[in-house]
Engineer: 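Right, I'll just put the structure down here and ask away after.
Basis for what follows: all heavy atoms, side chains included, without hydrogens, waters or symmetry-related copies. Order of listing sets the numbers, starting from 1, for every ligand and every atom in it.
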Amino acid sequence: MSIESEIQRLRAALPEGVSLVAVSKTHPAEAIMEAYRAGQRIFGENRPQEMKAKYDVLPKDIEWHLIGHLQTNKVKLIVPFVAMIHSVDSDRLLREIDRQAERCGRTIDVLLEVKIGLEESKEGWDSAALIAWLEEGSYRTLQHVRFRGVMGVATNTVDREEIRREFESLSRLRGELQSRFFDERFDRLSMGMTSDWELAVAAGSNMVRIGSLIFGARDYNKHP
Ligand SMILES: *Cc1c(COP(=O)(O)O)cnc(C)c1O
């Protein structure tokens, strides 16, 4: 199926209020333009340099979402234009986003990435550590980031029950953090990818990040 028809099919399948982040990492600008012509405006990338290069050549009404691990020394590359950073996983990273955002007169929407999967390598806050950090309260001094919600990646497994439990736990955590530390703007629940977006939506996701289903398989060999 074409990129355009996949976008249309997904849009029809997603309940109202669920945003589609089209994950275009490794795919060329022409593929993004095909999705753009189908009406897609939100694109997700996981590498700052790649996102900046695409931002430079593509229409300026695209909303760029950074979904991959972000190193502090790459923050300044994307802060001038990024719409949302889904992968905020440390105090240090938040401070650097805040500092760079202040320098360019912006306030950046961020999601707190929470580790929900079982893999050792999974990035994100441990939920207990995140709550302890919020209780400590220093996040309130950050004036140039806007806390919008949480993001998580489920375990890569065929065990659908496990995935469902992980999504439900992240959904509950969002509600708890919103009522204890934030306000009604902390309403984004970013979870679900090609293999598990339906489970994510059933568990309350309102932002799915879908790549291969739209653009086809990624060829990492072309992008060393
Ligand atoms: C690559 C990626 C996705 C999209 O994965 P697909 O399986 O291609 O849909 C979603 N979220 C994150 C964090 C990713 O790195």
Engineer: Is the shortest distance from a Lys or Arg side-chain nitrogen in Glu6 or Arg9 to a carboxylate oxygen in the other one below 4.0 Å?
Structural biologist: yes
Engineer: Pick one of side chain, backbone, both or neither for how Asn46 approaches ligand 1, counting any non-hydrogen atom pair under 4.0 Å.
Structural biologist: neither
Engineer: Among all the protein's non-hydrogen atoms, which is closest to atom 8 (O) of ligand 1, and how far away is it?
Structural biologist: Ser212 OG, 2.5 Å
Engineer: Please verify the inter-ring angle class for Phe43 with Phe215; under 30° counts as parallel, over 60° as perpendicular, anything in between as tilted.
Structural biologist: tilted
Engineer: Before accepting this row, confirm whether a basic side-chain N of the pair Arg99/Glu96 lies closer than 4.0 Å to the acidic partner's carboxylate O.
Structural biologist: yes
Engineer: Decide yes or no for Leu58 and Trp64: does some side-chain heavy atom of the first lie under 4.5 Å from some side-chain heavy atom of the second?
Structural biologist: yes
Engineer: I need the nearest protein heavy-atom contact for atom 10 (C) of ligand 1: residue, atom name and distance, please.
Structural biologist: Met193 SD, 3.3 Å
Engineer: For atom 12 (C) of ligand 1, grab the closest protein heavy atom and report residue, atom and distance to one decimal in Å.
Structural biologist: Ile67 CD1, 3.5 Å
Engineer: Are any of the side-chain heavy atoms of Leu134 and Phe182 separated by less than 4.5 Å?
Structural biologist: yes
Engineer: Measure the acute angle between the ring planes of Tyr55 and Phe81, then classify it against the limits of 30° and 60° as parallel, tilted or perpendicular.
Structural biologist: parallel
Engineer: Does any donor atom in the side chain of Gln71 or Lys74 lie under 3.5 Å from an acceptor atom in the other side chain?
Structural biologist: yes
Engineer: Can you tell me if Ile210 has a non-hydrogen atom under 4.0 Å from ligand 1?
Structural biologist: yes
Engineer: Report, in ascending order of atom number, the atoms of ligand 1 lying under 4.0 Å from any heavy atom of Lys25.
Structural biologist: 1 (C), 2 (C), 3 (C), 14 (C), 15 (O)
Engineer: Provide, to 0.1 Å, the distance between atom 11 (N) of ligand 1 and the closest protein heavy atom, together with that atom's residue and name.
Structural biologist: Arg209 NE, 2.9 Å
Engineer: Under 4.0 Å from a heavy atom of Gly211: give me the atoms of ligand 1 that qualify, with their elements.
Structural biologist: 4 (C), 6 (P), 8 (O), 9 (O)
Engineer: So for ligand 1, is Ser195 a polar contact partner (N or O within less than 3.5 Å, distance only)?
Structural biologist: no
Engineer: Regarding ligand 1, does Val23 bring an N or O atom to under 3.5 Å of one of the ligand's N or O atoms?
Structural biologist: no
Engineer: How close do Gly152 and Arg209 get, heavy atom to heavy atom, and via which atoms?
Structural biologist: O-NH2, 3.2 Å
Engineer: Could you check whether any heavy atom of His86 sits closer than 4.0 Å to an atom of ligand 1, since that is the contact criterion I want to use?
Structural biologist: no
Engineer: Could you find the nearest protein heavy atom to atom 9 (O) of ligand 1 and give me its residue, atom name and distance?
Structural biologist: Thr194 OG1, 2.5 Å
